[in-house]
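Report on one structure; see the data block that follows.
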Amino acid sequence: MKMTGVDSSRVPDNSDTFCMGKDSAFLPFNRCNLPARILGSLSFQQHPVPLTLDGVATLHRSLFTHLQAIPDAAARAQRFMDYMTVHFCLEALEEAGLDAGGKQKRANANYLRVLRGWGFDSSGREGAVLKGWVESRFGLAVQYHQGNFLLDRCKGLYGTNALESQLDLVYTYCQYELALLHSLQSHLTLYRGVNALDEYRVLKRDGKRAVVLMNNVSSFTHSRERADEFGDYVIEARVPLVKVLGYYDLLPKLLRGEGEFLVVGGVYEVSINMH
């Protein structure tokens, strides 16, 4: 596979070599245009290139063609949600194969419920679905999940209608909107408040600066003051735009937290501050 714009000879630096052993953070297969050891590396955080999920833009080309003709962000969001409703039969599940007389309790689970459910409990069933989706699509292994991740993921996906394919389209639409909002930027400075650093693997540390392995998906905020409310430590990171899979006003009432961003993990250089 040709990896335009990435010097792969630089990727296995000292902070990434731990990923090559039995305790690997990078899975051997994924469904995007770069291998996990590249997109999860410190080099990628510093020098990102576009990430695309296999086949998504091609399959849904008509949606993005229509979006280009809509100048208003709110109208684009409504068009996107209408498209999701029709394409995935979200209001006509019988057309997607649902047995109306069955006992499928998860049939109504959809992308909105997963993302909102993450906001209530990132270690619950919806959190496991989202983390599992990141594993599948980007090849970044889950580093932290309270409870039984595999069981929660199976429960979250069972009886649903192409739920992970719905998330594929959410990520692709998110990237479309970010490209319009931040056409001259490659990164956003985001913040995460935590009470302890136990769930992070700190690979290097020099004072406030550190290189850490983040969970494969985490919540951040664009507000330092907001992050202060969530713990004794505030992690500040330059996050590549291509690693944002959703944010607070991408769609109406999408994420509960003020200024919340959902960020794909890997190795990051960060600043860790106490307050």
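Heavy-atom basis, side chains included; hydrogens, waters and symmetry copies ignored.
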### Message
Is there a side-chain contact (heavy atoms from CB on, under 4.5 Å) between L90 and Q166? Walk through the geometry before answering.
### Response
CA-CA 10 Å; L90 299 183; Q166 294 178 39; 3.8 Å; yes

### Query
Pairs in or reaching into residues 51-68: which pass side chain to side chain donor-acceptor pair (under 3.5 Å), with residues at least two apart or in two chains?
H60-Y83

### Task
Determine whether L112 and L157 fall in the same hydrophobic cluster, where Ile, Leu, Val, Met, Phe, Trp and Tyr are linked whenever their side-chain heavy atoms lie under 4.5 Å apart.
yes

### Message
Do Y191 and D228 make a side-chain contact, defined as non-hydrogen atoms from C-beta onward lying under 4.5 Å apart?
### Response
no

### Query
Measuring from D168:CG to C32:SG, what's the distance to the nearest 0.5 Å?
10.5 Å

### Gap separating the CG atom of L53 from the CD atom of Q175, nearest 0.5 angstrom
9.0 Å

### Task
Please step through side-chain contact (heavy atoms from CB on, under 4.5 Å) for the pair Y111 and L169, ending with a clear verdict.
CA-CA 9 Å; Y111 68 103; L169 199 46; over 6 Å; no

### Sole candidate of Y171, F26, F44 that passes ring-ring contact (aromatic ring centres under 6.0 Å, His included) when paired with F138
Y171

### Cluster link W133 to L59, ILVMFWY, side chain under 4.5 Å
no

### Message
Measuring only between side-chain heavy atoms, which start at C-beta, is Y247 closer than 4.5 Å to E177?
### Response
yes

### Query
Quick one: side chain to side chain contact (heavy atoms under 4.5 Å, CB included) partners of A74, sequence neighbours excluded?
D72

### Message
Using the rule that Ile, Leu, Val, Met, Phe, Trp and Tyr join whenever any side-chain heavy atoms are under 4.5 Å apart, tell me whether V202 and Y144 fall into a single cluster.
### Response
no

### Query
Would a 4.5 Å heavy-atom cut-off, applied to side chains only, mark M214 and R192 as touching?
yes

### Query
Between L178 and V244, which heavy-atom pair has the shortest distance, and what is it?
CD1-CB, 3.7 Å

### Query
Is the Y200 to Y233 ring centre distance short of 6.0 Å?
no

### Summary
Between the CZ atom in F220 and the CG atom in L262, the distance rounded to the nearest 0.5 Å is 10.5 Å

### Task
May I have the step-by-step check of salt bridge (charged side-chain N to carboxylate O under 4.0 Å, His left out) for K208 and E236, ending in yes or no?
CA-CA 10 Å; K208 293 182 179 180; E236 177 182 334; over 6 Å; no

### Message
With no hydrogens and no angle check, just 3.5 Å: does a side-chain donor-acceptor pair link S219 and E260?
### Response
yes

### Message
Restricting to non-hydrogen atoms, name the atom on V270 and the atom on A237 that form the minimum distance, rounded to 0.1 Å.
### Response
CG1-CB, 3.8 Å

### Query
Are any non-hydrogen side-chain atoms of V129 and L167 less than 4.5 angstrom apart?
yes

### Query
More than 12 foreign heavy atoms under 6.0 Å from CZ of R238: is that the case here?
no

### Query
Are V142 and L27 connected, step by step, through hydrophobic side chains (Ile, Leu, Val, Met, Phe, Trp, Tyr) whose heavy atoms are closer than 4.5 Å?
no

## Note on the structure
Looking only at heavy atoms, the pair that brings A109 and T160 closest together is CB-CG2, 3.7 Å

### Query
What distance do K131 atom NZ and W118 atom CH2 have between them, rounded to the nearest 0.5 Å?
5.0 Å

### Test item: V211 and V267 side chains (from C-beta on) under 4.5 Å apart, heavy atoms
yes

### Query
From S218 OG over to F261 CZ, what is the distance, rounded to the nearest 0.5 angstrom?
14.5 Å

### Same cluster (ILVMFWY, side-chain, under 4.5 Å), L241 and V239
yes

### Message
Could you go through M84 and L251, starting from their C-alpha distance and side-chain angles, then the distance that decides it, and tell me whether this counts as side-chain contact (heavy atoms from CB on, under 4.5 Å)?
### Response
CA-CA 12 Å; M84 294 289 282; L251 299 171; over 6 Å; no

### Task
Show your reasoning for whether side-chain contact (heavy atoms from CB on, under 4.5 Å) applies to L39 and L140.
CA-CA 9 Å; L39 66 90; L140 301 177; 3.8 Å; yes

### Message
Using every non-hydrogen atom in the two residues, find where S136 and R153 come nearest and quote the distance to one decimal.
### Response
CB-NH2, 4.1 Å

### Task
Check each of L250, V263, V217 against L245 using the side chain to side chain contact (heavy atoms under 4.5 Å, CB included) test, and report the only one that passes.
V217

#### Entry: Non-hydrogen side-chain atoms of T172 and F64 separated by less than 4.5 Å
yes

### Task
Kindly indicate whether the side chain of F80, heavy atoms from C-beta on, has any atom under 4.5 Å from the side chain of C174.
no

### For the student: nearest non-hydrogen atoms of G127 and H145, plus distance
C-CE1, 4.5 Å

### Query
Charged N to carboxylate O below 4.0 Å: is that the case for R113 and E126?
no

### Message
I'd like to check K243 versus Q45 (side-chain heavy atoms, cut-off strictly below 4.5 Å). Are they in contact?
### Response
no

### Query
S186 and P48: which non-hydrogen atoms are nearest, and at how many Å?
O-CG, 4.2 Å

### Query
Between NZ of K204 and CG of L42, what distance do you get to the nearest 0.5 Å?
7.5 Å

### Query
Should we count CD of E229 as having more than 12 external heavy atoms under 6.0 Å?
yes

